[in-house]
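Written out below as structure tokens is the structure these notes cover.
These figures come from a predicted structure and were not determined experimentally. Indexing begins at 1, ligand by ligand and atom by atom, following the structure's order.
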Amino acid sequence: MERSPPEEAGTRDPDALIRRAGVRGDPNRDQHFLVDDRVVDRIPTYADEMNLEHVLEIGGGPGVLTDRLLAAADRVTVIERDPTFAEFLREEFRSECDDGGLTVVEGDALSVELPDFSACIANLPYGISSEIAFRLLPLGKPMLLMFQKEFAERMAAESGSDDYGRLSVTAQHYADVRVVETVPREAFAPQPEVESAIVRTIPREPEYEVDDEAFFLDFVKAVFTQRRKTIRNGIRNTAHISGLDDPDAVVDALESPDDDVLDEDILRERAGKVSPVEFAAMARVADELGRGGG
Ligand SMILES: C[S@@+](CC[C@H](N)C(=O)[O-])C[C@H]1O[C@@H](n2cnc3c(N)ncnc32)[C@H](O)[C@@H]1O
């Protein structure tokens with residue numbers, strides 16, 4: 001491996017980093033590296049209100065984003081599964097590793113123990129982006145994550161829009177979710193097949209309360225498996241997913257809901273039109289009347 005010249009963090013050229021790493025990205029290993037410095041330079045600017053004491057990066061690759069994060073953060077931990085890139089990162093950023101500014105963890109981001117980070121900023125491996133996002137979202141830290149554009153838009157979608165679905169309700173249960181930039185395929189090497197987008201998530205309490213979070217998320221998942229059906233049929237047909245023992249009792253109660261949030265037409269709606277607040281209100285009714293003989 002070619003030794004790296006010492007360079008100031010935040011100034012490394014993406015193509016030079018990839019050349020020094022000496023390995024091309026392999027799409028079969030989720031390796032699409034950022035090569036457009038304008039995009040890489042903009043990423044930390046979306047994090048200006050985040051606590052950057054300890055930034056977690058998932059999938060460092062040849063270190064293009066790692067370099068920018070080192071310039072913006074007090075400390076960075078990068079998790080990289082590919083041993084060649086993990087070793088390259090340690091070599092390229094040797095002085096930062098030596099002085100404690102950078103820790104390189106070689107391992108699978110889905111299973112390694114995560115450090116106590118203050119924010120996560122990453123160009124994620126797309127094959128596991130959903131699993132990673134839902135490993136990180138419940139930890140309640142702000143994040144800037146690059147996803148496939150379609151996935152990003154579904155995460156951030158509002159009820160009534162075409163993209164709204166289970167992913168939107170579940171992600172927005174944990175955080176305010178915004179798409180801050182769409183990134184073209186040309187910004188990466190090798191180019192992915194689809195466009196990408198950067199999502200900013202800011203943790204916050206949801207606008208509703210649920211007693212049993214796991215049941216609420218299962219209820220949402222269940223009803224969205226029948227998104228073309230009415231809520232009435234969605235609840236009735238998916239008890240095996242939601243875990244309801246008595247879905248009919250829930251439907252009966254929702255005929256004339258005793259709740260300010262729900263109106264009498266809720267059973268005739270389709271899931272794509274139901275807001276997270278309404279889902280939570282239905283889940284409260286379902287939790288009370290439809291489970292364990294309630
Ligand atoms: C899309 S590339 C991003 C690389 C670099 N951050 C950039 O922006 O150019 C994703 C990186 O994640 C690594 N990776 C893939 N699966 C991983 C996993 N399960 N855990 C940790 N890293 C993984 C790949 O080896 C690759 O380096």
Query - Neighbour count >12 (heavy atoms, 6.0 Å) for atom CG, Asp98 - result: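 Yes, CG of Asp98 has more than 12 neighbouring heavy atoms, counting only those of other groups under 6.0 Å.
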Query - Sub-4.0 Å heavy-atom environment of ligand 1, residues by chain - result: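 Heavy-atom contacts below 4.0 Å: Arg29, Asp30, Gln31, His32, Phe33, Leu34, Glu57, Gly59, Gly60, Gly61, Ile79, Glu80, Arg81, Asp82, Gly107, Asp108, Ala109, Asn123, Leu124, Pro125, Ile128.
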**Report entry** Charged N-O contact under 4.0 Å between Arg68 and Asp41
**Finding:**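 Yes, charged N to carboxylate O under 4.0 Å.
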Query raised in the report: Taking only residues two or more places apart in sequence or in another chain, which ones pass salt bridge (Lys or Arg N to Asp or Glu O under 4.0 Å) with Arg228?
Result: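 Residues passing salt bridge (Lys or Arg N to Asp or Glu O under 4.0 Å) with Arg228: none at all.
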Requested in this report: Can you sort out the partners of Asp36 under salt bridge (Lys or Arg N to Asp or Glu O under 4.0 Å), two or more places apart, ordered by chain and number?
Outcome: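 Salt bridge (Lys or Arg N to Asp or Glu O under 4.0 Å) check on Asp36 returns Arg38.
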Query raised in the report: What pair of heavy atoms forms the shortest contact from Ala222 to Thr238, and how long is it?
Result: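 Taking every non-hydrogen atom into account, O-CG2, 3.3 Å.
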Validation: residues 146-160 side-chain donor-acceptor distances under 3.5 Å, sequence neighbours left out:
from	atom 1	to	atom 2	distance (Å)
Glu150	OE2	Arg154	NE	3.4

